[in-house]
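Working notes for the structure below.
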Amino acid sequence: MINNNLKFCRESLEMTQKELGYVFGVAESTVSGWENNNDIMPLTKLVKFCDLYGFSLDYVTGLTRSNYSYSKINKLDRNKIGNNLKKIRNDLNLTQSKIAKECMISQTTYSNYELGIRLITTLTLYTLCKNHNLSMDEVIGKKRM
C-alpha cells in the first residue's frame with residue numbers, strides 16, 4: 001500500500017475531488033479511490049499532478065515527509081527510466097528476478113520496464129523505492145532543485 005498524501009495535497013490546494021477529477025478527465029469516485037488506496041493513480045497522472053501543483057512524487061506517495069522541489073517533466077521517457085532502473089539494479093547488485101519477486105510481478109514484466117517496452121507502474125516504482133530507500137522522482141529522471 002502506498003502511504004499517500006494525495007488527499008492532503010489536494011486539500012492544501014483547496015480543490016475538491018470533483019475538480020481534480022476534471023483536471024485528469026476522471027470521475028470524482030476515481031479520485032476518491034486514489035486517495036483511499038482502493039486504486040493507484042497511474043504514474044503519468046501522478047507525475048502530471050506533481051508537476052502542475054509543485055509536489056514531489058516522494059512526498060505525495062509518502063516516501064518522504066518533506067516536499068522537495070524537482071524539475072518538471074514534459075513527458076515520461078520509458079527508455080530513460082528503463083536505463084535508470086537497470087543502473088539501480090546493477091548498483092544494488094540485484095537480479096531482475098529478485099526485484100520482480102520483491103515487487104510481486106513477473107521477471108518478464110520487470111525486464112520490459114528496463115528495456116523501455118512498458119512504462120513502470122506506480123506501485124512497482126513505489127515498492128522498489130520503498131524497499132531500497134530510493135527517490136521516485138530521481139528514478140524517473142527528475143533533478144532536485
Check whether any side-chain heavy atom of R65 sits under 4.5 Å from a side-chain heavy atom of Y59, and report yes or no.
-> no
Nearest heavy-atom pair of K142 and V47: which atoms, and what distance?
-> CE-CG1, 4.5 Å
Taking D39 for the side chain and G33 for the main chain, is one N or O donor matched with an acceptor at less than 3.5 Å?
-> no
Supply the atom-to-atom distance R144 CZ to S69 OG, rounded to the nearest 0.5 angstrom.
-> 9.0 Å
Any chance you could measure R10, atom CZ, to N5, atom CG, to the nearest 0.5 Å?
-> 12.5 Å
Which distance, rounded to the nearest 0.5 Å, do you find between the CG of L6 and the SG of C50?
-> 8.5 Å
Is the shortest heavy-atom distance from the side chain of I81 to the side chain of L76 under 4.5 Å?
-> yes
Quick one: do W34 and K7 satisfy side chain to side chain contact (heavy atoms under 4.5 Å, CB included)? Show the steps, please.
-> CA-CA 9 Å; W34 294 337; K7 181 178 181 179; over 6 Å; no
Do the side chains of K48 and F24 get nearer than 4.5 Å, heavy atoms only?
-> yes
Group every Ile, Leu, Val, Met, Phe, Trp and Tyr by side-chain heavy-atom contacts under 4.5 Å, then state whether L92 and L125 land in the same group.
-> yes
Using a 4.5 Å cut-off on heavy atoms from C-beta on, say whether the side chain of Y126 contacts that of L63.
-> yes
Between Q107 and S97, what is the shortest heavy-atom contact and its length?
-> OE1-CB, 3.6 Å
Distance in Å, K45 NZ paired with L20 CG, rounded so as to fall on 0.5 Å steps = 10.5 Å
T61/L46 under side chain to side chain contact (heavy atoms under 4.5 Å, CB included): CA gap, chis, key distance, verdict | CA-CA 9 Å; T61 59; L46 180 58; 3.9 Å; yes
Identify whether L52 and L43 are in the same connected component of the hydrophobic contact network (ILVMFWY, side-chain heavy atoms under 4.5 Å).
-> yes
Nearest heavy-atom contact between S56 and D137 is CB-OD2, 3.4 Å
Give the minimum heavy-atom separation between E102 and L94, together with the two atoms involved.
-> OE2-CD1, 4.5 Å
Does N84 use its side chain to pair, donor to acceptor, with the backbone of V139 at less than 3.5 Å?
-> yes
Output the distance between atom CG (L128) and atom CG (L134), rounded to the nearest 0.5 Å.
-> 5.5 Å
Shortest non-hydrogen contact from Q17 to S32?
-> NE2-CA, 3.5 Å
Have a look at K87 and tell me which of N90, D91, N83 forms a side chain to side chain donor-acceptor pair (under 3.5 Å) with it.
-> D91
Find out whether Y113 and I105 are in side-chain contact, i.e. whether some heavy atom of one side chain is under 4.5 Å from a heavy atom of the other.
-> yes
With no hydrogens and no angle check, is any side-chain donor or acceptor of T127 less than 3.5 Å from a backbone partner on L123?
-> yes
May I ask you to check whether F49 and F55 place their ring centers less than 6.0 Å from one another?
-> yes
Specify the closest pair of heavy atoms between C9 and V60, including all atoms of both residues, with the distance to one decimal.
-> SG-CG2, 3.9 Å
Would you say the side-chain atoms of D58 pair up with the backbone N or O of S135, donor to acceptor, closer than 3.5 Å?
-> no
Check: M41 main-chain N/O paired with T122 side-chain donor or acceptor under 3.5 Å = yes
Between F8 and M136, is there a shared hydrophobic cluster once you connect ILVMFWY residues whose side-chain heavy atoms come closer than 4.5 Å?
-> yes
Those residues at least two apart in sequence (or on a different chain) that pass side-chain contact (heavy atoms from CB on, under 4.5 Å) with E19 are M15, T16
Got Y22 and E28 here, is their nearest side-chain heavy-atom distance under 4.5 Å?
-> no
Spatial distance of atom CD (Q96) from atom SG (C103) [nearest 0.5 Å] | 11.5 Å
D77 side chain vs K80 backbone, donor-acceptor pair below 3.5 Å = yes
Out of N112, T108, N79, T109, which one pairs with I117 under the side-chain contact (heavy atoms from CB on, under 4.5 Å) rule?
-> N112
Determine whether Y53 and S12 make a side-chain contact, defined as any pair of heavy atoms from C-beta on separated by less than 4.5 Å.
-> no
Output yes when a side-chain donor or acceptor of K72 lies under 3.5 Å from a complementary backbone atom of D51, and no otherwise.
-> yes
Within one Ile-Leu-Val-Met-Phe-Trp-Tyr cluster: I73 and Y70, side-chain cutoff 4.5 Å = no
Side-chain contact, heavy-atom cut-off 4.5 Å: R89 with K86?
-> yes
